[in-house]
Structures are given as C-alpha cells and as structure tokens.
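To keep things clear, I will list the structure first and then write my remarks on it.
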Amino acid sequence: MTADNIALRPVDEVGLAVMERFLSDPGAASEFQWYGWSDVRRWRRQWSEDRLLGADRSCLMVVRGGERVGFVAWRKVTSTPTCHYWNMGITLLPEARGQGVGTEAQRQLVRYLFAHTLVMRVEADTEAENIAEQRALEKAGFTREGVLRSVAYRDGQWRDGVRYSILRGELP
C-alpha cells in the first residue's frame with residue numbers, strides 16, 4: 001500500500017528498533033504518548049512469535065520514501081458475541097509529524113482493514129488536547145463521536161479522550 005510516498009509495511013528488524021525508541025526516548029514518543037519507562041523488548045518478543053501480525057492485535061510500519069517513520073497498530077474489540085470491530089492508533093517520529101504522514105497512513109490502514117476483514121467499524125481514540133491528531137483523523141474520513149471523561153492517566157493527571165470512528169463505505 002502506497003500513496004504520496006507513504007507506505008505501510010510489515011515490521012522488520014530495523015522497524016523494531018524504531019518502535020523501541022518510543023518506549024525508551026520521551027522525545028520520540030511525543031507529549032501525548034509518553035507513559036513512562038516500560039518494557040522495551042515487549043514488541044521484539046511478540047515479533048518473534050507472530051511478526052506483530054496477530055489475529056487480535058497487529059502493527060505495520062509507516063514508511064516514507066524508504067525510511068521507517070513510525071507505526072500503525074490495531075486491536076480487536078468484541079462488541080457482541082457475534083461481531084467485533086477494530087480500534088487503531090498511530091505513533092510517528094517527530095520528523096514525520098505535521099506533514100500529512102499520519103493522515104495518509106491512517107487512511108491507508110482503514111482501507112486495508114476494510115479490504116481484508118469483515119468489520120463494519122474502525123475506531124480511534126486520542127487525548128482531548130491532541131488537536132493535531134483530531135485533525136488528522138477528520139481528514140482521513142473519521143467522525144467525532146464524543147468525549148470520554150478521565151479515560152487515560154498520563155504525566156500525573158487523568159486526561160479526557162475523544163473517540164472517532166469510520167464505517168465501511170464512508171471512506172473519502
């Protein structure tokens with residue numbers, strides 16, 4: 001999948017090193033995604049099991065012109081005994097932010113998930129103060145659904161979140 005020089009690719013060894021930066025470097029993670037020090041090798045262990053392409057949880061690298069600049073991830077959310085949907089997210093290195101990379105990567109991920117799974121809905125959450133991510137989701141075709149009060153704890157405070165979704169057939 002590629003457009004505007006942005007592509008989604010399976011995670012390789014080089015990609016793992018990029019992903020590990022987000023767990024070990026607060027500057028790489030962004031103010032909205034740094035939750036303190038954690039197990040840097042967790043993705044490497046999962047990668048050795050399923051290459052981060054599991055049935056319930058997966059990741060793909062965001063590549064710009066051959067350079068790994070972040071990753072997208074999605075996980076299964078079971079809503080009833082007979083159906084599920086995906087919750088997705090993105091993390092980009094500082095040098096890739098604010099240039100439309102996130103919008104395009106998220107648009108590509110939604111297309112991929114609708115093309116290869118039967119889900120009707122893909123959702124994404126972000127902090128209420130993360131205006132840049134809210135704009136990226138809206139540009140990618142997502143609809144704002146509402147505010148989740150005190151849903152995330154980061155940097156010593158409870159933070160409100162905002163939920164977005166896109167349904168099959170709503171892609172721009």
Worksheet item: Taking the side chain from Arg159 and the backbone from Arg154, do they hold a donor-acceptor pair closer than 3.5 Å?
Response: yes

Worksheet item: Using the ring of each side chain (for Trp, its six-membered ring), is His116 parallel, tilted or perpendicular to Tyr112, with breaks at 30° and 60°?
Response: tilted

Discussion item. Val162 vs Leu148, test: side chain to side chain contact (heavy atoms under 4.5 Å, CB included). Steps then yes/no.
Written reply: CA-CA 6 Å; Val162 182; Leu148 306 168; over 6 Å; no

Worksheet item: Between CG of Asp125 and CG of Asn130, what distance do you get to the nearest 0.5 Å?
Response: 12.0 Å

Worksheet entry | Over all atoms of both residues, closest heavy-atom pair of Arg21 and Glu95 | NH1-OE2, 4.5 Å

Practice prompt. Run the numbers on Val77 and His84 for side chain to side chain contact (heavy atoms under 4.5 Å, CB included), then give the verdict.
Written response: CA-CA 5 Å; Val77 178; His84 70 276; 6.0 Å; no

Worksheet item: Using 4.0 Å as the upper bound for N to carboxylate O, is an ion pair formed by Arg51 and Asp12?
Response: no

Discussion item. When you compare the side chain of Leu23 with that of Asp39, does any pair of heavy atoms fall below 4.5 Å?
Written reply: no

Worksheet item: Knowing that exactly one of Val119, Asn87, Asp56, Leu60 qualifies, which makes a side-chain contact (heavy atoms from CB on, under 4.5 Å) with Trp74?
Response: Leu60

Fill in: Least distance between heavy atoms, Arg168 atom then Leu118 atom
NH2-C, 3.4 Å

Fill in: Side chains of Gln106 and Lys139 in contact at under 4.5 Å (non-hydrogen atoms)
no

Worksheet item: How long is the gap from CZ on Arg75 to OG on Ser58, to the nearest 0.5 Å?
Response: 12.5 Å

Fill in: Spacing of Ser79 atom OG and Met120 atom CE [to the nearest 0.5 Å]
12.0 Å

Response to the item:
For Cys59 and Val11, the nearest pair of non-hydrogen atoms, with its separation, is O-CG2, 3.9 Å

Worksheet entry | Whether Glu67 side chain and Arg64 backbone form a donor-acceptor pair below 3.5 Å | no

Discussion item. Show, in sequence, the C-alpha distance, side-chain angles and deciding distance for Ile6 and Val63, and conclude whether the side chain to side chain contact (heavy atoms under 4.5 Å, CB included) test is met.
Written reply: CA-CA 6 Å; Ile6 307 300; Val63 180; over 6 Å; no

Discussion item. When you measure from the side chain of Thr117 to the backbone of Phe114, do you find a donor-acceptor pair of N or O atoms at a distance under 3.5 Å?
Written reply: no

Worksheet item: Does the pair Leu16 and Leu52 meet the rule for a side chain to side chain contact (heavy atoms under 4.5 Å, CB included), with working shown?
Response: CA-CA 10 Å; Leu16 280 173; Leu52 295 173; 4.1 Å; yes

Discussion item. Just checking Phe71 against Trp43, ring centres under 6.0 Å apart?
Written reply: yes

Worksheet item: Any side-chain heavy atom of Tyr164 within less than 4.5 Å of one from Gln134?
Response: yes

Worksheet entry | Where at least one partner belongs to residues 27-36, residue pairs that pass side-chain hydrogen bond (donor to acceptor under 3.5 Å, both in side chains), sequence neighbours excluded | Gln33-Thr91

Worksheet, complete the sentence: Closest heavy-atom pair, Ile90 versus Gly102, reported as atoms and distance to 0.1 Å, is CD1-CA, 3.7 Å

Fill in: Derivation and outcome, salt bridge (charged side-chain N to carboxylate O under 4.0 Å, His left out), residues Glu123 and Arg121
CA-CA 7 Å; Glu123 70 177 25; Arg121 167 191 177 85; 3.0 Å; yes

Worksheet item: Can you tell if the side chain of Val72 reaches within under 4.5 Å of the side chain of Met88, non-hydrogen atoms only?
Response: no

Discussion item. Side-chain heavy atoms nearer than 4.5 Å, only ILVMFWY residues, links allowed to pass through others: does that put Leu8 and Ile166 together?
Written reply: yes

Discussion item. Counting neighbours of CZ on Arg144 that are heavy atoms of other residues, nucleotides or ligands and sit closer than 6.0 Å, is the number greater than 12?
Written reply: yes

Item to complete: Could you tell me the separation between the CD atom of Glu20 and the CZ atom of Arg42, rounded to the nearest 0.5 Å?
Response: 10.5 Å

Fill in: Closest contact, heavy atoms only, Pro26 versus Trp37
CD-CH2, 4.0 Å

Discussion item. Are Leu109 and Leu171 linked, directly or through intermediate hydrophobic residues, by side-chain heavy-atom contacts shorter than 4.5 Å (ILVMFWY only)?
Written reply: yes

Worksheet item: Below 4.5 Å, heavy atoms only, C-beta onward: do Val110 and Phe142 meet side chain to side chain?
Response: yes

Worksheet item: Within the distance-only criterion (no hydrogens, no angle test), does the side chain of Asp160 pair as donor or acceptor with the backbone N or O of Ala128 below 3.5 angstrom?
Response: no

Worksheet item: Under a 4.5 Å cut-off applied to non-hydrogen side-chain atoms, are Phe22 and Leu93 in contact?
Response: yes

Worksheet, complete the sentence: Closest heavy-atom pair, Val69 versus Ala96, reported as atoms and distance to 0.1 Å, is CB-CB, 3.7 Å

Worksheet item: Are the side chains of Val62 and Leu92 in touch, meaning some heavy atoms are under 4.5 Å apart?
Response: yes

Practice prompt. Report, as yes or no, whether the 6.0 Å neighbourhood of atom CD on Glu129 holds more than 12 heavy atoms from other residues, nucleotides or ligands.
Written response: no

Worksheet item: So, do Arg68 and Val14 sit near enough that their side-chain heavy atoms are less than 4.5 Å apart?
Response: yes

Discussion item. Checking Glu104 against Gln108: is there a side-chain donor and acceptor pair closer than 3.5 Å?
Written reply: yes

Item to complete: Please say whether the positively charged group of Arg44, taken as NZ for Lys or CZ for Arg, lies over the ring of Trp47, i.e. under 6.0 angstrom from the six-membered ring centre and within 45 degrees of the axis.
Response: no

